[in-house]
Asker: 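Encoded as structure tokens, here's the structure I'll be asking about.
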Amino acid sequence: MDIQQLFTEKDYEEIKKMEGRTETETYRGPVIDDYVVDVTHRPHRMKPGQMIYMVALNHALVDNLANDDLYWRAEPAKFFHGIPTLEEIHREIQRMYDYLTDNYEWTMPECPPPDPNAYPEFDS
């Protein structure tokens with residue numbers, strides 16, 4: 001999937017309109033291949049005077065990603081320095097898409113060989 005189709009220049013112009021506002025707003029982009037980008041502009045919970053942007057890639061068929069077992073892998077990106085650039089948004093959307101579709105490089109963790117003299121902790 002082309003991430004530039006999910007979040008276009010037109011969508012970026014729409015979220016630019018949120019800058020300077022102090023109420024919580026969410027921009028929901030178009031649904032493409034059952035994926036949708038949500039951008040939420042809300043106050044920081046610990047610093048009420050500071051606004052943050054949260055970018056989330058959601059699957060349109062999943063009502064609540066918090067109940068999805070992949071939620072921890074596609075956690076929304078948070079930007080605290082004001083409106084992120086279009087490139088930053090595309091990079092984060094690509095990261096979330098790669099995680100949701102298992103399109104990332106996995107390497108085998110280094111594990112020590114089992115100890116042949118070790119006794120099991122329980123008898124099965």
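As the structure is a computational prediction, the values presented were derived from the model and not from experiment.
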Asker: Hey, is the main chain of Phe80 close enough, under 3.5 Å, to the side chain of Gln50 for a donor-acceptor pair?
Answerer: yes

Asker: Name the residue from Ile15, Ile93, Asn58 that meets the side-chain contact (heavy atoms from CB on, under 4.5 Å) definition with Val37.
Answerer: Ile93

Asker: Looking only at the side chains, is there a donor atom on one of Asp38 and Tyr27 sitting less than 3.5 Å from an acceptor on the other?
Answerer: no

Asker: What pair of heavy atoms forms the shortest contact from Pro84 to Tyr12, and how long is it?
Answerer: O-OH, 2.7 Å

Asker: Just do the side chain to side chain contact (heavy atoms under 4.5 Å, CB included) check on Leu57 and Leu6 with the steps written out, would you?
Answerer: CA-CA 9 Å; Leu57 176 64; Leu6 263 175; 3.8 Å; yes

Asker: Going by an N to O cut-off under 4.0 Å, is there a salt bridge joining Glu19 and Lys16?
Answerer: no

Asker: Of the non-hydrogen atoms in Met96 and Val55, which two are nearest, and what is the gap between them?
Answerer: CE-O, 3.3 Å

Asker: Between Glu13 and Lys10, does at least one N-O distance fall below 4.0 Å, as a salt bridge requires?
Answerer: no

Asker: Using a 4.5 Å cut-off on heavy atoms from C-beta on, say whether the side chain of Arg28 contacts that of Glu14.
Answerer: no

Asker: Who are the side chain to side chain donor-acceptor pair (under 3.5 Å) partners of Arg21, not counting sequence neighbours?
Answerer: Glu25

Asker: Given the rule in the side chain to side chain contact (heavy atoms under 4.5 Å, CB included) test, do Met51 and His44 qualify, once you have shown the distances and angles that lead to the verdict?
Answerer: CA-CA 5 Å; Met51 299 296 285; His44 191 290; over 6 Å; no

Asker: Write down the atom of Pro43, the atom of Thr24, and the distance for their closest heavy-atom approach.
Answerer: CD-OG1, 3.3 Å

Asker: Considering non-hydrogen atoms only, spot the tightest contact between Phe7 and Val39 and give its length.
Answerer: CE1-CG2, 3.8 Å

Asker: Anything under 30° is parallel, anything over 60° is perpendicular, the rest tilted; go ahead and classify Tyr53 against His41.
Answerer: tilted

Asker: Would you compute the distance between atom CD1 of Ile89 and atom CD of Gln94 and round it to the nearest 0.5 angstrom?
Answerer: 14.0 Å

Asker: Can you give me the closest heavy-atom contact between Arg95 and Glu92, atom names plus distance?
Answerer: NE-OE1, 2.8 Å

Asker: Please report the interatomic distance CG(Leu86) to CD(Gln4), rounded to the nearest 0.5 Å.
Answerer: 8.0 Å

Asker: Would you say Asp11's side chain and Thr8's backbone share a donor-acceptor pair under 3.5 angstrom?
Answerer: yes

Asker: Assess the residue pair Met18 and Glu23 against the criterion (side chain to side chain contact (heavy atoms under 4.5 Å, CB included)); give the C-alpha distance rounded to whole Å, side-chain angles, the decisive distance to 0.1 Å, and a yes or no.
Answerer: CA-CA 9 Å; Met18 295 181 195; Glu23 67 274 6; over 6 Å; no

Asker: Closest heavy-atom contact between Met54 and Pro76?
Answerer: CE-CB, 4.1 Å

Asker: For the residue pair Tyr35 and Tyr97, does the interplanar ring angle fall in the parallel (under 30°), tilted (30 to 60°) or perpendicular (over 60°) class?
Answerer: perpendicular

